[in-house]
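Read the numbers this way: they start at 1 and go in the same order the structure lists the ligands and their atoms.
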Amino acid sequence: MREMPKVELHLHLEGAAPPGFIRDLAKKKSMDISGVFAEDGSYAYRDFWHFLQVYEAATATLKTPEDYHRLTLAVLEESAAHGVVYGETFLSPDFCGGRDVGAWREYLHAIREAAEIAEKRDGIILRGIVTCIRHFGPEKARETALCAAETAGDWLVGFGIAGDEKAGKPKDFAYSFDMAREAGLRLTAHAGEWGGPESVRDALDDLRVERIGHGVRAIEDLALVDRLAEDGVVLEVCPGSNVVLGVYPNWKSHPIETLRERGVTVTVSTDDPPFFHTTMTREYEMLNRTFGWDDEIFADLARASAEAAFCDDETRARVIKRLEQT
Ligand code: ADE
Ligand code: ZN
């Protein structure tokens with residue numbers, strides 16, 4: 001399972017930071033973030049909304065482009081060790097330079113440089129998706145979209161929205177998504193994780209996204225499931241994240257298998273792996289154990305994920321070649 005070549009489309013860069021990495025940074029900067037960790041050194045939070053607070057407290061230790069450079073190297077080393085050959089990561093100008101375009105360029109440059117080093121070192125290819133944070137509100141999202149539009153290109157390939165799905169409505173963010181689309185960015189939105197089918201519908205209708213982060217609660221409305229299948233909307237499903245955060249009580253009750261059987265294009269990612277005690281290998285192992293997914297299904301999954309990637313076609317061809325080699 002570990003060696004199988006994988007494609008991961010839904011990973012928050014700060015959310016992938018190993019706890020030890022954040023603890024060391026805090027110590028170096030004399031920051032007290034003890035509330036972030038449990039006694040055993042792992043991240044500690046009570047529920048999703050507390051998770052968002054802990055996430056932001058941990059992220060506060062990342063203060064310079066150099067910190068993000070080192071973080072990117074650490075995260076990609078871990079991803080590559082679990083067979084990921086191509087990944088897309090969410091980046092937030094909110095955390096990287098406070099939505100100032102000039103500062104954001106410096107963070108992006110540092111992250112991209114680290115990705116190039118990791119590609120040479122581990123063979124893993126990375127691309128970036130800027131995300132605005134829903135609970136920071138539509139005004140800040142516009143500034144974020146401007147950062148994204150100014151740096152859109154062959155590496156920064158997408159725009160999205162994360163954060164508290166219960167804060168505001170997708171429509172409030174339509175201006176930002178329109179700006180990103182104008183700049184040539186491909187679009188995705190977190191929806192159908194804490195909101196129901198109507199949240200997924202609103203993201204499709206009001207933000208005109210082609211992928212949905214999570215989207216799993218579409219299962220509560222089979223007409224919507226048919227629409228996703230017919231329109232080829234891709235779901236970035238993160239089952240381990242959903243189970244740990246309590247969207248579903250256990251793996252057996254997770255809808256990923258039903259969605260797949262009903263013809264929806266599903267992909268598999270870790271979301272924020274150390275927060276959810278997971279890796280891409282563990283996601284694969286649990287899918288095999290719970291639903292009997294075999295090598296053929298995993299090969300189809302990786303291929304479909306490569307097809308759904310926001311990179312250019314030359315990069316996609318390189319990724320597909322890597323998938324076929326093994
Ligand atoms: N930010 C990091 N992880 C997230 C998740 N699972 N949902 C929404 N926002 C997030
Ligand atoms: Zn996410």
Salt-bridge criterion met for Glu257 and Arg260 (N-O under 4.0 Å)
yes
May I have the angle between His10 NE2 and His12 NE2 with its vertex at the Zn ion (ligand 2), rounded to 10°?
110°
Would you mind checking if Arg303 and Glu324 are paired as a salt bridge, meaning a charged N to carboxylate O distance below 4.0 Å?
yes
With a cutoff of 4.0 Å, is Trp194 in contact with ligand 1, counting heavy atoms of the residue only?
no
Pairing of Asp202 and Arg208 as salt bridge, 4.0 angstrom limit
no
Is Arg211 paired with Glu307 through a side-chain N to carboxylate O contact shorter than 4.0 Å?
no
Closer than 4.0 angstrom, basic N to acidic O: yes or no for Asp94 and Arg99?
yes
Do the side chains of Arg186 and Glu210 get close enough for a salt bridge, i.e. N-O under 4.0 angstrom?
yes
So, His190 and the Zn ion (ligand 2): N/O/S under 2.8 Å, yes or no?
yes
Close approach, Phe90 and ligand 1, non-hydrogen under 4.0 angstrom:
no
Basic-acidic side-chain contact under 4.0 Å: Asp154, Arg112:
yes
Here the N/O/S atom of Asp271 closest to the Zn ion (ligand 2) would be OD1
Backbone or side-chain N or O of Asp272 under 3.5 Å from ligand 1 N or O:
yes
Identify, for atom 6 (N) of ligand 1, the protein heavy atom at the shortest distance, and state residue, atom and that distance.
Asp271 OD2, 2.7 Å
Quick one: does Ser241 get an N or O within less than 3.5 Å of an N or O on ligand 1?
no
Can Lys169 and Asp172 be counted as an ion pair, charged N to O under 4.0 angstrom?
no
Any idea which part of His214 is under 4.0 Å from ligand 1, heavy-atom wise: side chain, backbone, both or neither?
side chain
Whether His214 has an N, O or S atom under 2.8 Å from the Zn ion (ligand 2):
no
Can you pull out the closest protein heavy atom to atom 4 (C) of ligand 1? Residue, atom name and distance to 0.1 Å, please.
His12 NE2, 3.7 Å
Going by the order shown, which atoms of ligand 1 are within less than 4.0 Å of some heavy atom of Phe48?
5 (C), 7 (N), 8 (C)
Any salt bridge linking Glu198 with Arg201? Criterion: basic side-chain nitrogen under 4.0 Å from a carboxylate oxygen.
no
Among all the protein's non-hydrogen atoms, which is closest to atom 7 (N) of ligand 1, and how far away is it?
Glu193 OE1, 2.8 Å
Evaluate Tyr55 for polar contact with ligand 1, using N/O atom pairs at a separation under 3.5 Å.
no
Do Glu66 and Arg70 sit within salt-bridge range, that is, some charged N less than 4.0 Å from a carboxylate O?
no
Any idea which atoms of ligand 1 are less than 4.0 Å away from a heavy-atom of Ala162?
9 (N)
For atom 9 (N) of ligand 1, which protein heavy atom lies nearest, and how many Å away is it?
Gly163 N, 2.9 Å
